[in-house]
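Both backbone and side-chain heavy atoms feed into the values below; hydrogens, waters and symmetry mates do not. Predicted model, so just to flag it, every value in this text is computed and none were measured. By convention here, the first residue in the shown sequence is residue 1.
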Amino acid sequence: MAVLTLIVLRASTDRPPHQAVPSPTPSEAINAIPGGRTATAWPTAPGACGADTLLPIVSSAPPAGHTGIQVLLGGDRLRLVDFDSGRVTTLPDAVVRPGEYAAVLAGDPVTAYATTGSCSETAPYAMLRISVDHRVSVIRPLRPTEWALTDGNRVWIASFASDIDNPYGTIAPVVGGQRVRLPLGFYASAIVGDTIVGLMQPDPGISPTWLALVDARTGRLQAKLDQYVAPLAAGAGQVFWTTGCHDDASPCRLHRRLIAGGETLGSPLPRPACCGVVSPDGTRVAFLIQRATTDQRFAGQPLPPLDIAILQLDTGRLSIVPGIELPTKSQPGLTFTGRDDWLVIALNAGSRTRLLAWRPGLRQPYETNALPGPVHDPPTLVVTSQ
C-alpha cells in the first residue's frame, strides 16, 4: 500500500477564500541594469517563522492544454489542487491547528502520515495519520531525535544518536515492527525499499565520512559508496551523488548506482548541484544546479542563483527548466508525474506558494493559481493523479 508522509510546523495565517479557475500573472520582467545604475536588493516578502523570503523570479503562462495533474500540497494547511482548473480543496484538519505547517513528503492520499512541530525548536512533535476520508488523528509523540522516512510505499521512523550513553541510531516501521539498531555513527537521510541511504562516520576524530547503504531489516552495512559526499537523490532503486563540484582540480560529476549493487556510472555536470528527485521509472533525475555567474542586477548575493535541471539518464542530456531563477540556498518542492514527463514545481513566494509544471518542449512552465499562506521551506507536494 502506498503511503504519504507529512511534516507540520507552526506559524500564523488566515484561511484563504475558495480558489477557482487559474489566472496566474507571470512575474514582471526585470530588465538589465542600464549603465551606471546601482544593483538593487533581491526581492523579498514576509515568510514563515517571522523571516523574510527571497522570492523566485518566474516567467510562466497558464496551462494551455490538459495536463491531468492533481497534487496534495503542504503549507499552512493541507490542500488538494487540480492544476488545470485551479480548484483547491482544503482538507479538514482539526489536529493540525491554526498556525501550523504541513510538509508533504511522499505517497498516496488513501493512507497518509504526518508529524507536527513548530518554528520553536522546543515545541513537541507528534505523528499523525490521515484517513481515506481525510480525517486526521494522532498516532504517537515523536522525540526531538526522531524523523520520518518514506520511499512512497512505507513509512519508517528513524532516530539518531542522542548522547554518549546512547550512541546508536535506530529505525522501525511506523505501522509497527522490530526497532533495528543502525551502525555506529550512521545518520539516515533516505530510504529506498529496505535500504537506508545515509552518512556514516564511526569516529568523528579520525575516520572519514562515507556515503553508505544499510539494510533497514537487520541494521547491517551493505556498502560504502564514496567518501566526503552527500546523497543528491535516491529513488527508483538508485542513489545519486556528486564529486569534484567544489574542487578546481577535478571535474564536477554526477554518480549513480543501483541500490542492489553493480557498476557506478558517471555523468559530467557543468556546475555544483543538489537537492534532487528521481522519476518513478528511474530514467530522469531533477535537481538544482548553480548558474555560472551571479546576477548583476542584484546586490548582496555573493553566490550565483540556481536553475532547475533535468538529466535524462539514458542519453546524458541535461535540460534547464526555462523561466525560473531561484535565489541562492532556496529549495523548491519537486516531483515527477507518473506519465507524460511532467515535472511539478512548488515555489516558496513568502505569503503564497506558486505551483508550476514543465516538460521538455515547452518554452516556459505552466502555472496554476498561487495558494495563499506561508510555507516552511522547502515547500512540499505529491502527485495524487495524472
Mind checking what makes side-chain contact (heavy atoms from CB on, under 4.5 Å) contact with [X], not counting sequence neighbours?
X: Leu343; result: Ala286, Ile308, Ile310, Val321, Leu334, Phe336, Ile345
X: Arg217; result: Asp194, Asp215
X: Ala233; result: Phe240, Val278, Val285
X: Thr209; result: Leu199, Gln201

For a quick test of reading the model, state the closest non-hydrogen atom pair linking [X] to [Y] and the distance between them.
X: Ala309; Y: Ile289; result: CB-CG2, 3.8 Å
X: Gly74; Y: Arg79; result: O-NH2, 4.1 Å
X: Gly86; Y: Thr368; result: CA-OG1, 3.5 Å
X: Val81; Y: Leu355; result: CG1-CD2, 3.8 Å
X: Pro231; Y: Leu211; result: CD-CD1, 3.6 Å
X: Leu184; Y: Pro167; result: CD1-O, 3.5 Å

Determine, using the 4.5 Å side-chain heavy-atom cutoff (strictly less than), whether [X] and [Y] are members of one ILVMFWY cluster.
X: Val277; Y: Leu313; answer: no
X: Leu182; Y: Val239; answer: no
X: Val71; Y: Val375; answer: no
X: Leu306; Y: Leu55; answer: no
X: Ile171; Y: Val197; answer: no

Supply the atom-to-atom distance [X] [atom1] to [Y] [atom2], rounded to the nearest 0.5 angstrom.
X: Leu303; Y: Asp295; atom1: CG; atom2: CG; value: 13.0 Å
X: Leu288; Y: Lys329; atom1: CG; atom2: NZ; value: 14.0 Å
X: Phe287; Y: Leu254; atom1: CZ; atom2: CG; value: 6.0 Å
X: Gln301; Y: Gln296; atom1: CD; atom2: CD; value: 11.5 Å
X: Leu356; Y: Leu347; atom1: CG; atom2: CG; value: 5.5 Å
X: Arg257; Y: Asp226; atom1: CZ; atom2: CG; value: 11.5 Å

Are [X] and [Y] close enough that some pair of their side-chain heavy atoms sits under 4.5 Å apart?
X: Leu225; Y: Leu213; result: yes
X: Leu80; Y: Gln70; result: no
X: Trp156; Y: Thr150; result: no
X: Val344; Y: Leu381; result: yes
X: Arg154; Y: Pro173; result: no

Between the side chain of [X] and the main-chain N/O of [Y], is any donor-acceptor distance below 3.5 Å?
X: Asp82; Y: Ser85; result: yes
X: Ser279; Y: Arg284; result: yes
X: Asp84; Y: Gly68; result: yes
X: Thr67; Y: Ile69; result: yes

Determine all donor-acceptor pairs shorter than 3.5 Å in which one atom belongs to a side chain in residues 43-52; sequence neighbours excluded.
none

Name all residues meeting the ring pair (Phe, Tyr, Trp, His ring centres under 6.0 Å) criterion together with Trp42; count only those two or more places apart in sequence or in a different chain, and write none if there are none.
Phe298

Show me the donor-acceptor pairs, under 3.5 Å and distance only, between side chains in residues 260-276 and residues at least two apart or in other chains.
residue	atom	partner	partner atom	Å
Arg271	NE	Gln290	O	2.4

Kindly determine whether Thr353 and Leu73 satisfy side chain to side chain contact (heavy atoms under 4.5 Å, CB included), including the steps that lead there.
CA-CA 9 Å; Thr353 300; Leu73 184 72; 4.1 Å; yes

Please list all pairs passing the side-chain hydrogen bond (donor to acceptor under 3.5 Å, both in side chains) test where one or both residues lie in residues 182-193, with sequence neighbours left out.
none

Residues 312-324 vs side-chain hydrogen bond (donor to acceptor under 3.5 Å, both in side chains), sequence neighbours excluded, gives Gln312-Asp314

If you apply the rule side chain to side chain donor-acceptor pair (under 3.5 Å), what do you find for Arg179 with Thr170, and how did you get there?
CA-CA 6 Å; Arg179 179 169 292 277; Thr170 64; 2.6 Å; yes

Ignoring hydrogens and geometry beyond distance, is a side-chain donor-acceptor pair present between Gln364 and Ser59 at under 3.5 Å?
yes

Quick one: ring-ring contact (aromatic ring centres under 6.0 Å, His included) pairs with a partner in [range], sequence neighbours left out?
range: residues 157-181; result: Trp147-Phe160
range: residues 57-82; result: none
range: residues 254-276; result: Trp241-His255

Full working for side chain to side chain contact (heavy atoms under 4.5 Å, CB included) between Arg352 and Leu371
CA-CA 5 Å; Arg352 59 193 181 129; Leu371 289 93; 6.0 Å; no

The single option from Tyr366, Trp358, Phe83 that satisfies ring pair (Phe, Tyr, Trp, His ring centres under 6.0 Å) with Trp342 is Tyr366

Verdict with supporting geometry, Ile259 and Gln238, side chain to side chain contact (heavy atoms under 4.5 Å, CB included):
CA-CA 5 Å; Ile259 293 289; Gln238 302 173 87; 5.6 Å; no

